[in-house]
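Presented below is the structure to which this report refers.
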2 protein chains.
Amino acid sequence: MSKNVYFCLMYSFTEENYLKAIYKLQEQSDMAINTNAIATAIQTKAASVTDMVKKLSEKKLLKYEKYKGVELTHLGKRIAIETVRKHRLWETFLHNKLNFSWDEVHDIAEQLEHIQSQELIDKLDEFLGFPSHDPHGDPIPGRNGVIQQNNFILLSELSVGESGIISGVVNHSNLFLQHLEKNQLVLGKKLLVQEISAFDQLVKVQIEDKHLQQLSNEVVRNILVKKLS
Amino acid sequence: MSKNVYFCLMYSFTEENYLKAIYKLQEQSDMAINTNAIATAIQTKAASVTDMVKKLSEKKLLKYEKYKGVELTHLGKRIAIETVRKHRLWETFLHNKLNFSWDEVHDIAEQLEHIQSQELIDKLDEFLGFPSHDPHGDPIPGRNGVIQQNNFILLSELSVGESGIISGVVNHSNLFLQHLEKNQLVLGKKLLVQEISAFDQLVKVQIEDKHLQQLSNEVVRNILVKKLS
DNA sequence: AAATATTTTTAGACTTGTCTAAAAATGTAT
DNA sequence: ATACATTTTTAGACAAGTCTAAAAATATTT
Ligand SMILES: [Mn+2]
Ligand SMILES: [Mn+2]
Ligand SMILES: [Mn+2]
Ligand SMILES: [Mn+2]
């Protein structure tokens with residue numbers, strides 16, 4: 001490439017992916033992000049990461065000190081968040097308009113998020129009715145880069161007798177998403193915790209005032225709920 | 001790149017662009033396509049074209065003989081048509097759903113046409129109601145690669161007293177499209193040729209049984225109409 | 001047919017992004 | 001403090017795609 005000329009400053013497919021990965025790691029760990037973590041996240045080798053972070057550093061997208069890891073600059077964070085915004089808006093489009101299931105949208109959105117057009121994203125946002133969350137319950141950053149933080153809690157944190165509405169997932173793997181869908185554990189469903197087994201931690205929940213279901217520890221630790229009063 | 005693994009055979013952004021450009025040249029001229037023509041179409045240099053056609057030739061996407069120009073193979077043509085299909089479906093989406101005007105859609109579709117997902121295109125097609133034509137009146141190839149050929153004629157070919165419906169454009173430049181839009185000469189409008197000046201070839205047309213407009217030779221030679229009876 | 005002009009190809013270099021293997025730095029255990 | 005282990009960086013190479021300048025082939029004039 002290096003050919004396509006745009007009116008505004010542009011970052012490559014690859015640069016955006018690095019920034020997004022570093023941003024997500026930064027959200028989790030809060031410390032400087034080390035080379036290996038980035039390599040793992042982006043499925044590449046440490047040597048490649050070193051090369052790339054040098055370039056991103058020269059472009060003022062992150063601060064890099066040899067052997068000390070990296071930290072996004074304000075600009076780098078801004079680009080990362082814009083990419084997340086595009087990703088989640090496209091996921092919402094794919095799910096809400098094209099009827100893809102929530103486990104199918106991510107891979108396609110990984111491609112769509114790199115389409116360069118501010119106007120496209122604005123119009124897509126409007127077309128979707130300015131959604132606040134993507135199909136996995138993750139908040140969609142605003143045009144201004146502000147992310148409305150969820151106050152969801154883990155389903156595993158609910159006590160017996162408490163109820164909540166399924167509002168997100170921690171694990172985003174296709175396997176987990178398909179499992180939830182198969183068991184009708186989709187966004188918006190209301191759950192009431194009826195019993196938590198002292199022996200094996202199995203959680204018995206009542207779904208939407210109807211049937212009961214036993215949920216494994218693995219499942220309840222990966223579902224986010226909005227607690228009801 | 002070279003990283004993204006897909007389930008089916010994949011062609012790069014660049015390869016698709018070459019195939020599409022060669023396909024369009026082939027449609028026009030019907031002879032073997034020469035290096036310079038491709039270079040001009042794709043806005044690159046002849047030397048780059050030579051390199052690329054060698055690669056495409058090795059991949060059996062076209063037949064290439066030194067100094068003799070190139071010709072797409074069946075496979076190459078198939079990929080080119082698939083890319084055109086994607087391009088025109090995305091243009092239709094941008095126009096019909098996101099309210100982009102017909103002069104804004106092309107550049108964004110140039111990016112979107114390279115998104116890799118057969119299922120995405122199928123679902124987009126369905127979402128759009130299986131459109132037969134894009135916002136410029138160009139036919140959208142079917143899944144099977146068949147293109148329904150238009151039997152439109154140039155507005156300049158209509159005689160005095162004949163009428164037609166605006167159905168496409170020859171010139172796709174933004175300037176021309178904007179000009180037409182400004183003068184309400186959009187797809188679907190019915191025109192009646194009232195007078196053709198013997199002196200300067202200006203064509204006086206009546207638009208939708210209402211107001212009259214004088215159209216330059218340059219304009220009438222670039223509008224396609226479906227002739228009425 | 002020879003001279004001239006144009007087109008196409010080659011040769012060699014550059015950029016972006018990747019890799020492996022080796023070297024250097026940092027961290028941990030004894 | 002020394003040895004061992006891990007992480008990170010460097011060095012050098014590769015692939016895709018592009019470029020310029022020069023050489024080779026083809027086309028057009030005279
Ligand atoms: Mn996703
Ligand atoms: Mn998501
Ligand atoms: Mn177009
Ligand atoms: Mn079009």
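- If you measure from atom CE of B:M10 to atom C1' of D:dA16, you get 13 Å, rounded to the nearest angstrom.
- Aromatic ring centres of B:F93 and A:F93 lie closer together than 6.0 Å.
- The shortest side-chain heavy-atom distance between A:N222 and A:L180 does not fall under the 4.5 Å cut-off.
- To the nearest angstrom, C1' of C:dG17 lies 11 Å from CD1 of A:I42.
- In this structure, the CG atom of A:L19 is 11 Å from the P atom of C:dG17, given to the nearest Å.
- For C:dT18, the OP1/OP2 oxygens have no side-chain nitrogen or oxygen of A:K45 closer than 4.0 Å.
- Between D:dA16 and B:S12, no contact under 4.0 Å exists linking OP1 or OP2 to a side-chain N or O.
- Taking atom CD1 on B:I33 and atom P on C:dT7, their separation rounds to 15 Å, with Å as the unit.
- The phosphate of D:dT10 (OP1 or OP2) has no side-chain N or O of A:T50 nearer than 4.0 angstrom.
- Side-chain contact check for B:E82 and B:Q118: no donor-acceptor pair (N or O, by modelled atom type) lies under 3.5 Å.
- Checking the phosphate oxygens (OP1, OP2) of C:dT6, no side-chain nitrogen or oxygen of B:N36 falls inside 4.0 Å.
- Checked against D:dC19, C:dC19, C:dT7, the side chain of B:T44 finds its nearest nucleotide in D:dC19.
- Listed nucleotides: D:dT18, D:dT8, C:dT9. Nearest to the side chain of B:Y67: C:dT9.
- Listed nucleotides C:dT18, D:dG17, D:dC19 differ in distance to B:S48; the shortest reach to its side chain belongs to D:dC19.
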Under the criterion side chain to side chain donor-acceptor pair (under 3.5 Å), I'd like the reasoning laid out for B:H114 against B:N17: C-alpha separation, chi angles, the key distance, then a yes or no. CA-CA 9 Å; B:H114 303 293; B:N17 280 340; 3.0 Å; yes

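- The separation between A:E15 atom CD and C:dG17 atom C1' is 10 Å, rounded to whole Å.
- OP1 or OP2 of C:dT10 has at least one side-chain nitrogen or oxygen of B:K66 nearer than 4.0 Å.
- Distances were taken from every side-chain heavy atom of A:A47 (C-beta onward) to each of D:dA11, D:dA21, D:dG17; the shortest belongs to D:dA11.
- At whole-Å resolution of the value, NZ in A:K54 and P in C:dT16 are 15 Å apart.
- Close to C:dT16, at under 4.0 Å from its OP1 or OP2, lies no side-chain N or O of A:Y18.
- Counting heavy atoms from C-beta outward, B:I166 and B:L155 have side chains that stay 4.5 Å or more apart.
- At a cut-off of 3.5 Å, with distance as the only test, no side-chain donor of B:E113 or B:W90 sits close to an acceptor on the other residue.
- For the OP1/OP2 pair of C:dT9 and a distance below 4.0 Å, the side-chain nitrogens and oxygens of B:Y64 include at least one atom meeting the criterion.
- Rounded to an integer number of Å, the gap from A:M52 CE to D:dT8 C1' is 17 Å.
- Residue-level contact check: A:D51 touches the bases, meaning some heavy atom is under 4.0 Å from a base atom.
- No engagement by B:K68 is indicated, since no non-hydrogen atom pair under 4.0 Å with the nucleic acid exists.
- In this entry the distance linking CG of B:L56 with C1' of D:dA16 reads 12 Å, nearest Å.
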